[in-house]
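What follows is one structure encoded as structure tokens, with my remarks underneath.
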Protein chains: 6
Amino acid sequence: MKDKKTALVISAHSADFVWRCGGAIALHADKGYDVTVVCLSYGERGESAKLWKQQGMTLDRVKTERRKESENAAQALGVADIQFFDLGDYPLELDREAKYRLVDVIRSVQPDFMMSHSRFDPYNTDHMYATQIALEARMIAQAWGHNPGEKVLGAPQLYLFEPHQTERMNWKPDVFLDISSVWEKKKAAIECMQGQEHLWHYYTNVAENRGNHFRRNSGGMAGGRAATHAEGFESVFPRTVDEL
Amino acid sequence: MKDKKTALVISAHSADFVWRCGGAIALHADKGYDVTVVCLSYGERGESAKLWKQQGMTLDRVKTERRKESENAAQALGVADIQFFDLGDYPLELDREAKYRLVDVIRSVQPDFMMSHSRFDPYNTDHMYATQIALEARMIAQAWGHNPGEKVLGAPQLYLFEPHQTERMNWKPDVFLDISSVWEKKKAAIECMQGQEHLWHYYTNVAENRGNHFRRNSGGMAGGRAATHAEGFESVFPRTVDEL
Amino acid sequence: MKDKKTALVISAHSADFVWRCGGAIALHADKGYDVTVVCLSYGERGESAKLWKQQGMTLDRVKTERRKESENAAQALGVADIQFFDLGDYPLELDREAKYRLVDVIRSVQPDFMMSHSRFDPYNTDHMYATQIALEARMIAQAWGHNPGEKVLGAPQLYLFEPHQTERMNWKPDVFLDISSVWEKKKAAIECMQGQEHLWHYYTNVAENRGNHFRRNSGGMAGGRAATHAEGFESVFPRTVDEL
Amino acid sequence: MKDKKTALVISAHSADFVWRCGGAIALHADKGYDVTVVCLSYGERGESAKLWKQQGMTLDRVKTERRKESENAAQALGVADIQFFDLGDYPLELDREAKYRLVDVIRSVQPDFMMSHSRFDPYNTDHMYATQIALEARMIAQAWGHNPGEKVLGAPQLYLFEPHQTERMNWKPDVFLDISSVWEKKKAAIECMQGQEHLWHYYTNVAENRGNHFRRNSGGMAGGRAATHAEGFESVFPRTVDEL
Amino acid sequence: MKDKKTALVISAHSADFVWRCGGAIALHADKGYDVTVVCLSYGERGESAKLWKQQGMTLDRVKTERRKESENAAQALGVADIQFFDLGDYPLELDREAKYRLVDVIRSVQPDFMMSHSRFDPYNTDHMYATQIALEARMIAQAWGHNPGEKVLGAPQLYLFEPHQTERMNWKPDVFLDISSVWEKKKAAIECMQGQEHLWHYYTNVAENRGNHFRRNSGGMAGGRAATHAEGFESVFPRTVDEL
Amino acid sequence: MKDKKTALVISAHSADFVWRCGGAIALHADKGYDVTVVCLSYGERGESAKLWKQQGMTLDRVKTERRKESENAAQALGVADIQFFDLGDYPLELDREAKYRLVDVIRSVQPDFMMSHSRFDPYNTDHMYATQIALEARMIAQAWGHNPGEKVLGAPQLYLFEPHQTERMNWKPDVFLDISSVWEKKKAAIECMQGQEHLWHYYTNVAENRGNHFRRNSGGMAGGRAATHAEGFESVFPRTVDEL
């Protein structure tokens with residue numbers, strides 16, 4: 001029996017978790033959750049343009065830089081554990097061994113909820129691949145015949161965090177989370193991402209406008225609760241409740 | 001400031017609320033909610049075949065019978081208030097006055113959540129029309145310029161309850177509610193519907209299988225919480241939360 | 001034969017055109033288009049909360065205020081003609097006469113393109129109703145037998161401008177318009193909307209982030225043309241072109 | 001108990017049934033069905049451009065011409081009964097009386113199957129309105145309380161025939177009907193439509209290519225039954241069968 | 001030329017065919033079809049929780065048990081041939097050799113129709129993978145250049161049988177099959193599945209409620225043919241017919 | 001800096017580019033584009049039935065014939081470069097090396113636009129696989145860390161060309177291209193495909209009817225520009241424009 005609440009974020013590249021669910025991480029860390037982040041790759045080839053524009057850059061140096069940034073961001077957010085699978089990006093691919101490694105993490109964490117990318121992303125096929133793998137690994141983790149004797153997984157929700165151009169990704173949020181109280185932490189984490197400074201302002205705007213959506217959905221056109229920042233998520237599975 | 005929690009069900013015909021959300025009504029009544037049900041029509045022309053097969057039946061007698069059944073069912077469920085708008089069915093139509101009457105109820109109830117039909121129903125256009133009206137009336141009730149001075153509506157969720165053939169109605173439940181504790185009440189209410197006995201067994205099966213879905217979604221393939229009966233709902237609006 | 005290019009915006013309430021396509025209006029005005037805006041209502045009941053919170057407010061005063069704001073915004077944007085149909089809001093309804101009045105405007109303007117709301121909007125049924133009417137009026141305007149002898153309409157595109165919560169409205173932009181050069185005009189128009197100040201910052205963020213989408217789609221992940229602000233639109237009809 | 005098989009086509013304008021299901025009509029007439037066609041309008045305003053381009057044309061003359069063409073086409077196809085409701089087009093609208101008149105026809109015909117337009121059509125809102133009415137009238141015809149004592153309708157399939165630009169109308173055929181044996185009759189009916197000669201070649205191509213689809217779906221890539229012409233339909237309701 | 005009608009079921013795990021299309025199998029066996037079932041895996045790791053909870057269980061023993069249950073069920077249903085590919089589950093994966101083995105079966109059987117899982121299943125990625133493979137193998141079996149000289153496949157329908165939570169799988173049945181006459185056989189087959197007793201009652205309810213859908217779709221709200229049990233299927237391909 | 005405009009077509013089998021975008025190729029070649037075509041396979045196993053029906057046919061002879069036909073067609077269309085990857089078909093599969101080879105071509109061509117198949121195709125899984133690979137390769141080509149020092153790709157549109165049965169493939173064209181001026185070239189290319197003569201007439205009909213759609217969308221019901229032939233495409237990405 002685990003004694004703490006836990007959550008698990010599966011991030012295709014090592015910066016995704018910051019932009020897309022940094023607020024959720026910080027908020028749940030504040031609430032006492034142990035949040036684990038798995039970075040399947042560093043995004044070293046496809047999401048490190050700024051580094052590659054420097055003279056004499058090497059793959060190893062890019063990975064080192066990216067890892068450092070992500071560790072800093074994770075610390076700013078209060079992440080309990082960040083793991084780098086270093087599987088390569090553009091394209092990201094998991095063989096059976098890598099899938100089982102992810103299953104091991106899931107079983108070890110026994111998350112109360114999981115997070116990953118949108119189900120469709122024509123701009124970035126690594127993202128949608130990560131979600132496909134997340135579903136597959138969740139299923140394997142539930143199998144009594146996979147490493148019999150280990151504690152099998154229950155049925156944690158899989159939340160899909162916000163992709164870059166939501167409408168083109170067929171992503172439809174069904175829950176908004178108030179991250180006002182931890183916005184400064186998310187902001188600090190965002191600012192750890194020195195290589196993608198062009199996205200700082202963008203994701204600040206996203207958080208503010210999702211705050212507007214929070215207000216609107218919590219209280220009508222001109223009212224609602226005074227959230228200043230929020231994050232949106234799409235649930236893959238139905239909820240089970242005792243009161244609506 | 002209202003002192004009790006409240007809910008409002010908008011039912012196209014006078015029996016719909018029983019099959020589709022009787023459990024939710026009974027459960028929330030048990031929890032102290034005042035639940036109001038508005039029956040826009042009696043379903044007197046289109047959903048009373050058994051009565052019409054009797055000799056010498058008249059429209060008035062059908063309405064009287066249907067009303068009686070619904071009142072009995074409402075009582076079995078613990079409904080706080082049931083209102084019959086008697087607008088006629090097959091087809092159901094609301095003029096501006098009838099819409100405003102519905103807005104008056106919404107404002108008076110100030111529901112914490114609302115319920116109505118699926119958004120599409122090729123078998124029964126009254127059902128989808130009722131939902132269209134529910135959205136329109138909800139919007140009017142939020143308008144500061146409609147009967148200025150009255151308390152305007154906030155942003156209650158609109159839950160769409162389960163239609164008859166879910167897949168053909170494009171209805172996709174995102175929340176399952178455990179109604180095990182009130183199943184006997186829902187069963188009693190169902191058995192008030194003497195005119196539609198052919199549906200008793202059907203909706204018992206639905207409740208049991210939704211119970212299975214509850215168990216599956218609350219705990220994986222062979223586990224989960226031991227709900228025996230459940231109801232499913234589709235939310236029209238996103239939720240706003242402080243914890244996932 | 002008309003001697004100028006023209007465009008027509010059909011706005012459910014008198015402020016919608018500002019937030020949703022103010023940039024497109026100003027840009028095309030700059031390019032020499034005569035842009036006509038039809039406001040089907042003032043949004044006097046449903047979108048004027050701030051006014052209604054004042055002591056002794058009346059419907060007429062609200063309409064007057066709303067009209068003034070819209071006229072100021074239209075002037076800031078370089079609108080050639082703004083017409084107020086004053087049909088009432090929450091709910092908005094058009095009888096046959098009102099539809100024909102809209103057809104008259106369409107035929108008189110002979111727009112190179114038209115604009116209206118998203119096709120679905122559960123928060124605001126007036127919005128989706130306006131689009132339904134726009135399609136119907138466009139069709140009537142094309143009919144040779146409607147007021148025979150008048151010049152019939154060709155096949156102008158109908159662009160659906162950005163709704164408030166895009167993903168819940170099933171709105172999917174397929175074109176981004178660079179409005180950087182006219183942003184100051186849109187900003188000025190937005191600031192004419194004294195009654196809805198809570199939306200100023202929101203739509204500034206939208207314009208900035210759509211600028212990011214413009215850059216991304218015009219040149220890849222870290223490049224593209226240096227648009228600072230943009231607007232997105234969904235096309236109802238296919239384009240016909242001579243070169244891809 | 002009716003002694004013949006019957007079918008009912010609900011056509012928004014008086015020519016629609018020819019292009020879209022003329023083959024199905026002729027084929028089933030050949031098989032002994034009594035096929036009834038209801039033309040809700042003549043398409044006199046919106047689909048008679050060629051007539052309106054003539055000098056001194058009047059609405060009455062257009063209607064007379066359109067009626068003559070449709071009657072000729074109906075005869076060529078072997079239609080048992082064609083009824084002109086003359087409700088006006090662009091826009092088409094049915095009040096309660098007109099709906100009941102349509103219900104009367106449905107009940108009188110007791111069709112084994114019904115046909116109407118696609119559910120969505122941004123080019124022609126009359127078309128999608130006709131389908132909405134077809135569903136509503138079908139429902140009323142099933143109501144035991146509508147004109148009690150009359151024979152109520154069973155559950156005939158509603159087939160949606162092929163619209164002009166299928167992909168933009170979200171129309172997805174699930175059944176192809178071999179009309180090779182009656183193609184000459186459909187061709188003859190098409191050629192009755194003097195006012196829309198620009199469409200003759202178009203719908204010949206459609207029939208040939210749907211023939212290809214018939215061959216492909218009946219026997220693989222280079223085989224299948226040698227249909228030369230076919231029509232496609234989308235079913236609104238599931239089928240009930242004893243063998244797959 | 002084959003002398004009997006045939007059908008082929010592709011089942012991801014060895015029990016799927018029982019719950020999801022046992023009635024269709026028994027019914028068509030009764031009609032003289034030779035029905036072949038291919039079980040791609042035993043579901044030994046992921047769908048055998050009850051066995052794994054026993055002391056000292058091994059993978060081989062699980063497989064043996066699962067095989068025995070499936071063979072018994074197959075016999076109860078009148079399956080002509082059941083083949084176990086033993087490819088492993090959670091996750092199920094087919095290399096090229098395994099795909100070709102499946103193609104060999106398809107070509108050997110020359111099925112009049114095929115069956116497999118729903119196209120989407122976030123709970124069980126093996127299921128959707130099996131359908132993807134079914135489509136791929138069907139295509140290869142149609143290729144004249146695959147093992148030239150063998151009889152190529154025609155164009156059999158692929159029916160998708162009912163998944164566990166239909167609405168979340170985007171599964172939409174378009175045909176209901178009356179299995180009343182073989183319900184006892186399906187019941188007997190279900191009761192062979194000792195390891196998944198928790199599903200017996202569930203799939204009995206499903207069969208009864210699909211019986212209701214059969215009645216409703218074959219004859220209106222309170223009538224229709226008196227089917228007591230039915231199964232639903234979604235067709236991947238359009239039908240080709242001579243009469244509607 | 002490249003000195004010519006360029007385009008790249010990714011064709012699963014060696015004939016696909018002819019039927020589906022031959023007009024676009026010829027038109028853009030006429031406008032001075034260098035158009036490159038990559039044929040991932042010859043369609044030697046699955047799309048060469050006519051050849052395989054000949055006595056003593058071998059895989060090599062089929063490939064040789066198919067290549068000859070495609071080269072002839074490419075010449076008729078004015079293709080600048082046609083490359084045969086010879087990866088095998090039914091099923092088509094790309095390993096990492098093959099993907100990188102495709103990326104090399106993309107980077108070398110630096111296309112102003114790309115073309116490939118529809119996203120879904122239950123008849124032909126090679127087609128949808130090709131599109132998945134096109135998206136993946138486009139993404140890799142944009143990565144600064146893939147072969148650092150090479151010129152990275154911008155953000156060219158990916159147009160999905162017309163599949164065989166559009167509605168079943170969920171393909172929805174949003175742009176029609178007038179190919180009237182090059183129709184004779186496309187016709188000549190089509191007639192190079194000796195092995196698939198059954199498709200010549202089919203794709204002539206398609207081109208004529210898309211011409212009708214061009215006319216309709218460029219000018220209303222009975223007008224528009226006098227295109228005789230057209231091709232339709234679905235855009236994967238939004239456009240970025242300076243004028244609507």
Side-chain angles (χ1 to χ4, degrees), chain A residues 5 7 21 24-25 27-28 30-33 111-115 138-139 141-144 152-157 159 172-181 210-211 213-225 227 230-244, chain B residues 5 7 21 24-25 27-28 30-33 111-115 138-139 141-144 152-157 159 172-181 210-211 213-225 227 230-244:
Chain A
K5 288 199 162 182
C21 61
I25 292 172
L27 186 71
H28 287 84
D30 269 10
K31 291 182 189 296
Y33 282 66
D112 291 286
F113 63 84
M114 299 169 64
M115 289 195 161
R138 179 183 181 275
M139 175 190 76
Q142 292 176 324
W144 282 76
V152 299
L153 183 69
Q157 182 59 271
Y159 291 107
K172 193 169 175 175
D174 62 352
V175 55
F176 291 112
L177 180 72
D178 183 353
I179 61 163
S180 307
S181 67
R210 294 300 177 193
H213 295 173
F214 190 101
R215 295 192 297 278
R216 175 76 179 265
N217 283 292
S218 64
M221 228 174 318
R225 216 183 57 195
E231 285 176 345
F233 299 96
E234 177 181 327
S235 311
V236 171
F237 301 100
R239 293 183 299 134
T240 51
V241 302
D242 292 311
E243 181 173 350
L244 291 172
Chain B
K5 286 199 165 184
C21 62
I25 292 171
L27 186 72
H28 287 84
D30 269 10
K31 289 181 190 299
Y33 282 66
D112 290 285
F113 63 84
M114 298 168 64
M115 291 196 159
R138 179 184 182 272
M139 175 189 75
Q142 294 176 323
W144 284 75
V152 300
L153 183 70
Q157 181 60 271
Y159 291 107
K172 194 170 175 174
D174 61 353
V175 56
F176 291 112
L177 179 72
D178 184 352
I179 61 163
S180 308
S181 67
R210 294 300 176 192
H213 295 174
F214 190 102
R215 294 193 297 279
R216 175 75 179 265
N217 283 292
S218 65
M221 228 174 318
R225 218 187 52 200
E231 286 176 344
F233 300 96
E234 177 180 328
S235 311
V236 172
F237 301 99
R239 292 184 300 135
T240 52
V241 303
D242 292 311
E243 182 172 351
L244 291 171

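Sequence lines set the chain letters: A, B, ... in the order given, protein chains first and strands last, and positions in each chain run from 1. Just so you know, these numbers come straight off a predicted model, no measurement behind them.
Considering only residues two or more places apart in sequence or on other chains, B:Arg210 meets the side chain to side chain donor-acceptor pair (under 3.5 Å) condition with B:Glu162, B:His213, E:Glu167. Evaluation of the side-chain contact (heavy atoms from CB on, under 4.5 Å) rule for B:Val152 yields B:Arg107, B:Trp144 as partners, not counting sequence neighbours.
Put simply, of B:Leu153, B:Asp242, B:Asp178, the one with the most heavy-atom pairs under 4.5 Å next to chain A is B:Asp242.
Summarising the geometry, atom CG belonging to B:Leu244 is positioned 11.0 Å from atom CZ belonging to A:Arg239; distances are rounded to the nearest 0.5 Å.
Heavy atoms of B:Phe214 lying under 4.5 Å from chain A belong to its backbone as well as its side chain. For A:Arg225, the part lying under 4.5 angstrom from a heavy atom of chain B is the side chain only. The contact between B:Leu27 and chain A is made entirely by side chain atoms (from C-beta outward), counting heavy-atom distances below 4.5 Å.
Counting all heavy atoms, side chain and backbone alike, A:Val175 lies closest to B:Pro238 at N-CB, 4.3 Å. Contact between A:Thr240 and B:Ser218 at its shortest, heavy atoms only, is OG1-CB, 3.5 Å.
A heavy-atom distance below 4.5 Å is found between the side chains of A:Tyr33 and B:Glu243.
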